[in-house]
Chemist: 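Here you go, one structure.
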Number of protein chains: 2
Amino acid sequence: MSMPNLSALQVAPTAPGDAVNLQALRASCSACSMHQLCLPMGLDQGDMQRLEQVISRRRRIKRDEVLYRPNDKFDMLYAIRLGHFKTFQQNPNGGQQITGFQMAGELLGMDAIGAGVHLCQAVALEDSEVCEIPFASLEELFRDVPVLLRQFHRMMSLEISREQRVMLTLGSMTAQQKMAAFLVNLSSRYVSRGYSSTRFQLRMTREEIGNYLGLAVESVSRLFSSFKKSGVVDVNHRELELLDLPALRAIALGTDPCA
Amino acid sequence: MSMPNLSALQVAPTAPGDAVNLQALRASCSACSMHQLCLPMGLDQGDMQRLEQVISRRRRIKRDEVLYRPNDKFDMLYAIRLGHFKTFQQNPNGGQQITGFQMAGELLGMDAIGAGVHLCQAVALEDSEVCEIPFASLEELFRDVPVLLRQFHRMMSLEISREQRVMLTLGSMTAQQKMAAFLVNLSSRYVSRGYSSTRFQLRMTREEIGNYLGLAVESVSRLFSSFKKSGVVDVNHRELELLDLPALRAIALGTDPCA
DNA sequence: CGGACGATTGAGGCCTCTCAAAGAAAGTGG
DNA sequence: CCACTTTCTTTGAGAGGCCTCAATCGTCCG
């Protein structure tokens, strides 16, 4: 029997001169519904508390607010507690290329470790909440908590293989396949977060989807319409229902009999 | 003044029952021309020796030989000492999607840490040589050599941002831009290895380039021809010379005045 | 209520793929 | 060492998918 952890309710110690910030709450990993996906996965009670001491605070990010932008100095990782983000790189000719959509339980900022500065920009797609993880402190903790280090490596590696999957998508699929693969991917990520695999809200615009998949907005719209007409999805604005997940999978794999 | 390191010439201690393997040479990081790009970067003499003890052996990989394939258990990372590799994922409909070309000084296998098994296949594009790095031993060493851990994180992070760059390429560039960006990228990687920025050999086929960039072989061939005709490159078979690197950069960025 | 933004649908054009054929290079076996 | 096969590369012609341009409609928010 362990004592209930109330640290989530405590205000973080304010530095001298700082205004009291009610949002600077200590993070409580043990009480966080994402701890099975996030860094604390596999940690025992004691190690989890040490991690909580490293996580400086939780922070609310409003819709469209920027979490970090290119050339910002890298010193934090961000664990998404709640909400959705997009990350994008500036495209030389003005536009932006979205490199990913992130949801609760995922880690932001790992791509900046190498250069020491951020290379892309992270923006909240809706009102969200992140845990700020000072990377220097995290590195110190790695020495004492090998399980945590292993989990961190796991998450970095998963990010690499995720992007490899995207490359596969972008490189050698038709627009239809890309869209189907995108929806199936969202579905599977919602499942592992305890949400429905078939009904969820799109947190991004059609334009953002198209940007991510390398398609024009109009193509995305047409694909939604055609999927709707053939009965594999039902979609109203952002509200989405996957009526025939197996069919979507088949389309994504290019094994669709109705292609 | 330090003693010359002769460990590269010593045969690794053979386990009881093992046949003597002349190729199982101890790796010598200090004598390796790639140590400024690879894991030992920033390590002092002592730490480098500890790393050498972890690196079990060097291994020669012949052209077309497979280093690892999907579902192989992950227990090693591979540092490329010499030569070139490609990594690819199996495409559901039979084909393969190349996710990257790797050269000396780069690390292979990091994408497998997450799943514990390899997800893609690594094949040598020419006779090559790698250092085998048992990951479990490396993890132990991380505890004692924080600099090494930091360098490892740096390399994983660079891999993430490299793939983000590729996504940007694949997602929102014309065929011409993709090719130019590809050549410029190769050029810059050869520079940091001490080779010419303008003259080098392509280690991959046109088909592999096309596969990587999401283009048909014929498109790749046509693009080489058109680049040659406009005088920005000279190419004969695999022999390549970048005659106008600034122009190539401009094409890649979409700011080419002759577009 | 009106403006801004996002989404949908249509028409036309271009880029890149596919199909096809032939030449060149590299590797193989006698 | 040479003929042969295989693989790689190049070039052409045609088709198709997706983009661009344009207009309309619905929704959200000030």
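We name chains A, B, ... by the order of the sequence lines, and we start the count at 1 in each one.
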Chemist: Roughly how many Å is it from CD in B:E207 to P in D:dT6, rounded to a whole number?
Modeler: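 Answer to the nearest Å: 17 Å.
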Chemist: Can you measure B:F227 atom CZ to D:dT9 atom P for me and round it to whole angstrom units?
Modeler: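 One finds 17 Å between P of D:dT9 and CZ of B:F227, rounded.
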Chemist: I need the single residue from B:R63, B:R203, B:R238 that forms a salt bridge (Lys or Arg N to Asp or Glu O under 4.0 Å) with B:E126. Which is it?
Modeler: B:R203
Chemist: Roughly how bent is the helix from C:dC1-D:dG30 to C:dG30-D:dC1 end to end, in steps of 10 degrees, with each end axis from five pairs?
Modeler: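 Inter-axis angle at the ends, rounded: 50°.
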Chemist: Atom CE of A:M173 and atom C1' of C:dC17: how far apart are they, to the nearest Å?
Modeler: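 The answer, rounded to whole Å, is 18 Å.
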Chemist: Nearest whole angstrom, please: distance from the P of C:dG6 to the CE of A:M204.
Modeler: 14 Å
Chemist: Quiz question: going by heavy-atom distance under 3.5 Å, is there a donor-acceptor pair between the base of D:dT27 and the side chain of A:R206?
Modeler: no
Chemist: Want to settle it: does B:R63 or B:A175 sit nearer the 5' end of DNA chain C, counting the closest nucleotide to each?
Modeler: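 The residue whose closest nucleotide sits nearer the 5' end is B:A175.
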Chemist: Could you tell me the separation between the CG atom of B:N236 and the C1' atom of C:dA24, rounded to a whole number of Å?
Modeler: 12 Å
Chemist: Decide if the gap between the ring center of A:F101 and the ring center of A:Y212 is smaller than 6.0 angstrom.
Modeler: yes
Chemist: Looking only at N and O atoms, is any donor in the side chain of A:R222 or the base of C:dG10 less than 3.5 Å from an acceptor on the other one?
Modeler: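 Check passes, donor-acceptor contact within cut-off.
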Chemist: Within the structure provided, determine whether B:Y78 and B:Y68 are in side-chain contact (heavy-atom separation under 4.5 Å).
Modeler: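 Of all side-chain heavy-atom pairs linking B:Y68 with B:Y78, at least one is under 4.5 Å.
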Chemist: By nearest atom, which of the nucleotides C:dC17, D:dT10, D:dC19 is closest to the B:S221 side chain?
Modeler: D:dT10
Chemist: What is the nucleic acid contact for A:G210, judged by heavy atoms within less than 4.0 Å: base, sugar-phosphate only, or nothing?
Modeler: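 Touches nothing.
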Chemist: Would you mind reporting whether B:M167 and A:M167 have side-chain heavy atoms less than 4.5 Å apart?
Modeler: yes
Chemist: Give the nucleotide from the list D:dT20, C:dT16, D:dC18 with an atom nearest to the side chain of A:T174.
Modeler: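 Comparing D:dT20, C:dT16, D:dC18 against the side chain of A:T174, the answer is D:dC18.
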Chemist: Of the options C:dA7, C:dT9, D:dT27, whose atoms approach the side-chain atoms of A:S225 most closely?
Modeler: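 Out of C:dA7, C:dT9, D:dT27, the nucleotide with an atom closest to A:S225's side chain is C:dT9.
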Chemist: Once you round it to whole Å, what is the distance between P of D:dC28 and CZ of A:R238?
Modeler: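 Whole-Å distance recorded here is 10 Å.
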Chemist: Between atom CZ in A:F224 and atom P in C:dA7, what is the gap in whole Å?
Modeler: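 Taking CZ of A:F224 and P of C:dA7, I get 9 Å after rounding.
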Chemist: Got a second to check how far B:R206's CZ is from B:S219's OG, nearest 0.5 Å?
Modeler: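 Reported value, rounded in 0.5 Å steps: 13.5 Å.
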Chemist: Which comes earlier along DNA chain D counting from the 5' end, the contact point of B:T205 or that of A:E218, where each point is its nearest nucleotide?
Modeler: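 The residue closer to the strand's 5' end, by nearest nucleotide, is B:T205.
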Chemist: CD1 of A:I209 versus P of D:dC18: gap in Å, rounded?
Modeler: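 Going from CD1 in A:I209 over to P in D:dC18 covers 16 Å.
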Chemist: For the residue pair A:F200 and A:Y190, does the interplanar ring angle fall in the parallel (under 30°), tilted (30 to 60°) or perpendicular (over 60°) class?
Modeler: tilted
Chemist: Are any non-hydrogen side-chain atoms of B:M173 and B:L168 less than 4.5 angstrom apart?
Modeler: yes
